[in-house]
2 protein chains.
Amino acid sequence: MAVTIRDVAREAGVSISTVSRALANPEQVAEATRTLVQHTARAMGYRPNRAARGLITGKTGSIGLVVPDLENPFFGRISKGVQARARQAGYAVFIADTDEDPSVEAEVVHGLIKQVDGVVLCSARGTDAEIRDLAAEGPLVLVNRNLPDIPSITFDNVGAVEAVLRHLVALGHREIAYAAGPLTSWSNRERAAALKSFCDASPDLTLVELGNFPPYFSGGVHAADLAVASGVTAVVAFNDLVAVGLMDRLRRRGIRVPDDISVTGFDNVPASTLVWPNLTTVDFPRMSMGRKSVDALLDIVFDRAPLPDATRQVPIELIVRESTGVARGAGASVVREPDAAHAPSA
Amino acid sequence: MAVTIRDVAREAGVSISTVSRALANPEQVAEATRTLVQHTARAMGYRPNRAARGLITGKTGSIGLVVPDLENPFFGRISKGVQARARQAGYAVFIADTDEDPSVEAEVVHGLIKQVDGVVLCSARGTDAEIRDLAAEGPLVLVNRNLPDIPSITFDNVGAVEAVLRHLVALGHREIAYAAGPLTSWSNRERAAALKSFCDASPDLTLVELGNFPPYFSGGVHAADLAVASGVTAVVAFNDLVAVGLMDRLRRRGIRVPDDISVTGFDNVPASTLVWPNLTTVDFPRMSMGRKSVDALLDIVFDRAPLPDATRQVPIELIVRESTGVARGAGASVVREPDAAHAPSA
DNA sequence: CGGATCGATGAAAAGGCTTGCAGAATGAAC
DNA sequence: GTTCATTCTGCAAGCCTTTTCATCGATCCG
């Protein structure tokens with residue numbers, strides 16, 4: 001049988017309230033008593049019963065984290081960030097994997113949110129309405145998805161797209177395909193919209209929208225042939241996994257990257273440096289995103305003033321590697337006469 | 001404020017015990033009352049308070065999963081298996097990441113094991129003694145590590161090594177290096193020992209032990225140069241990540257795989273098919289391993305007869321891909337006169 | 001028709017902990 | 001020596017649920 005607070009109290013010769021206080025609010029108890037109690041507790045191997053505490057305080061000391069796919073290193077890293085910060089704050093974290101299924105997502109969050117202090121919902125796949133319903137049930141923060149009135153940690157998708165596009169345009173690319181990710185993905189919708197608006201704004205740029213594809217290697221394989229058929233010189237893939245699948249298929253068909261076609265991804269997952277050529281991609285500091293989400297959640301839980309929205313968006317960085325090069329057929333002159341609207345100033 | 005069992009009781013005009021029974025043991029309550037209560041409960045949005053239930057039953061309805069690195073897809077997939085089975089059984093799962101640190105591991109398991117019904121400890125990095133101490137504190141099952149007296153789910157490392165070795169020998173390789181993983185890793189020790197015993201048993205085989213290296217891409221990069229210098233024709237890497245790092249470094253040095261050197265991994269993680277050449281590796285059904293671990297844990301928790309040990313070891317499969325080929329310098333004759341002890345019978 | 005049997009229900013205790021409130025003890029001030 | 005302020009400690013209520021035990025009514029049988 002586990003040792004309880006009253007065992008410690010008996011052993012130390014004090015009341016259970018004193019034990020409770022000595023452990024939880026040490027400053028409320030006299031020095032001598034405090035050390036006696038703490039000593040006894042440790043010696044007896046006392047560990048507070050979280051359930052009992054939770055029953056009274058209404059807090060569980062744990063948070064939930066819901067992700068679409070634990071095996072995807074994108075989420076693995078975010079989870080690590082959440083983990084780390086939660087542990088620092090004395091919180092344990094439930095993790096649930098929804099297998100990219102919006103209905104599982106709703107069910108899981110629903111089942112979790114009442115038995116934890118709050119939930120971090122990562123790359124939510126559900127509709128805005130579903131997510132609002134969920135948020136009404138308890139403290140919820142969104143990662144990689146933005147919804148007014150709900151605390152959201154996002155990264156700068158528009159900036160990321162702009163960086164990629166400038167890079168490609170500078171290399172002489174004018175016909176660019178987007179290998180789209182799942183329609184349920186908010187970041188896919190953001191990127192697609194940003195691409196469209198940029199390309200619409202510059203007359204000499206044509207955007208070919210392909211997809212949607214599943215956000216995996218297989219999606220990229222599928223996209224590759226369509227991209228080739230469309231005649232573009234560069235493909236922006238929804239994420240690194242799709243980009244890698246794309247490059248694999250291109251290589252198997254004897255199409256060279258970047259000589260024949262340039263390819264870019266998003267996320268900077270480990271796989272982006274495993275492949276050859278290494279992938280040009282956009283880095284998102286996922287670890288710090290995970291940490292921030294816990295901070296935001298705890299702000300709600302403890303009713304603290306939340307972070308200003310500006311600091312909620314984590315910065316991005318374009319990582320130029322070997323998968324992008326000068327556009328096929330583009331003379332060097334192209335590089336010297338970039339599209340005024342999108343070329344880097346230097 | 002949350003709706004409690006007594007709210008439901010008042011609303012339905014019955015006692016709280018009846019509500020409790022109608023929900024938890026429906027057969028103990030009259031048909032009419034049961035449906036009334038269930039209806040009222042649903043209508044009011046009642047959700048039982050797990051903490052209160054746990055206080056009385058002594059069960060939390062949750063289990064813990066502790067892994068060295070969540071970002072590693074090897075563990076990601078195991079986690080998915082654990083996840084899935086736990087959810088089936090109505091359990092939620094705490095996941096903790098130890099960052100490959102044995103002391104964090106001990107601390108985390110220690111902190112977790114009293115507040116869950118049991119813990120699945122994956123690829124434990126601690127010493128045998130540490131793990132035994134942990135197991136004494138509560139229900140614990142080991143995954144990818146074997147310890148007498150503690151329920152363990154493992155895969156057949158010896159069989160895996162044998163399969164790899166037979167494959168390499170059949171291709172004419174006689175000088176083989178092992179790029180070892182962390183000393184804290186049980187499977188690394190198993191594989192190293194199995195390799196040694198096989199090579200010792202066949203006089204014409206020489207084994208070069210390299211390492212130890214961290215179980216990541218970077219470890220493989222490091223190992224590559226040592227492997228080349230050692231003059232071997234094949235390298236068995238501790239896992240796929242190391243193998244991929246190895247191949248990357250070889251490619252950068254202009255050494256061809258498999259023409260100059262053959263490379264194999266273990267685990268069959270997604271990265272093994274992202275690289276070119278695709279990696280020859282050994283597949284472990286990690287998902288089913290995760291599921292089995294939950295079954296084993298629940299067997300302990302519910303005091304059921306545990307699975308027989310034989311079914312605790314999950315089968316393996318050698319996946320031959322393009323990273324292994326005929327040994328450099330070996331004539332075709334070698335393939336026709338394989339070492340009797342290790343060549344496949346066909 | 002009385003007693004036994006059975007099913008359905010309710011009352012109440014228990015589980016470990018926190019916390020408001022009150023009491024005891026100590027010390028200081030007069 | 002008395003009074004008051006100030007700590008420190010203990011009592012007891014309460015958090016929400018499960019579960020034992022008792023009660024009640026009804027059914028059944030002799």
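Labels below follow one simple rule: chain letters A, B, ... track the order of the sequence lines, proteins then strands, and each chain is numbered from 1. Quantities reported herein were computed from a predicted structural model and do not represent experimental measurements. We use all heavy atoms of the structure for the numbers below, so side chains are in, but hydrogens, waters and symmetry mates are not.
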Which letters describe nucleotides 18-27 of chain C, given B = protein heavy atom under 4.0 Å from base, S = only from sugar-phosphate, - = neither? BBB-------
Nearest-0.5 Å distance that lies between atom OG1 in A:Thr60 and atom CG in A:Asp117: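 With rounding to 0.5 Å, OG1 (A:Thr60) is 3.5 Å from CG (A:Asp117).
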Would you kindly give the [atom1]-to-[atom2] distance between [X] and [N], to the nearest whole Å?
X: A:Glu27; N: D:dT7; atom1: CD; atom2: P; result: 13 Å
X: A:Met44; N: C:dG16; atom1: CE; atom2: P; result: 13 Å
X: A:Arg6; N: D:dC11; atom1: CZ; atom2: C1'; result: 12 Å
X: B:Gln28; N: D:dT19; atom1: CD; atom2: P; result: 9 Å
X: B:Asn49; N: C:dG16; atom1: CG; atom2: P; result: 16 Å
X: A:Arg10; N: D:dG10; atom1: CZ; atom2: C1'; result: 17 Å

Flag, side chain of A:Glu130 to backbone of A:Ala106, donor-acceptor distance under 3.5 Å: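 The answer is no, because no donor-acceptor pair under 3.5 Å joins these two groups.
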Side chain of A:Thr4, heavy atoms from C-beta onward: which of D:dT17, C:dC17, D:dT9 has the nearest atom to it?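 Closest nucleotide to the A:Thr4 side chain: C:dC17.
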Taking the basic N atoms (NZ, or NE/NH1/NH2) and the acidic carboxylate oxygens, is any pair closer than 4.0 Å for [X] and [Y]?
X: B:Arg125; Y: B:Asp99; answer: no
X: A:Lys292; Y: A:Asp295; answer: no
X: B:Arg87; Y: A:Glu107; answer: yes

Need to verify one output field. Residue with the more 5' nearest nucleotide on DNA chain C, A:Leu55 or B:Gly13?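 Result of the comparison: B:Gly13.
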Evaluate the side chain to side chain contact (heavy atoms under 4.5 Å, CB included) criterion for residues A:Leu23 and A:Val19: first the C-alpha distance (whole Å), next the side-chain angles of each, then the deciding distance (0.1 Å), finally the verdict. CA-CA 6 Å; A:Leu23 267 25; A:Val19 175; 3.9 Å; yes
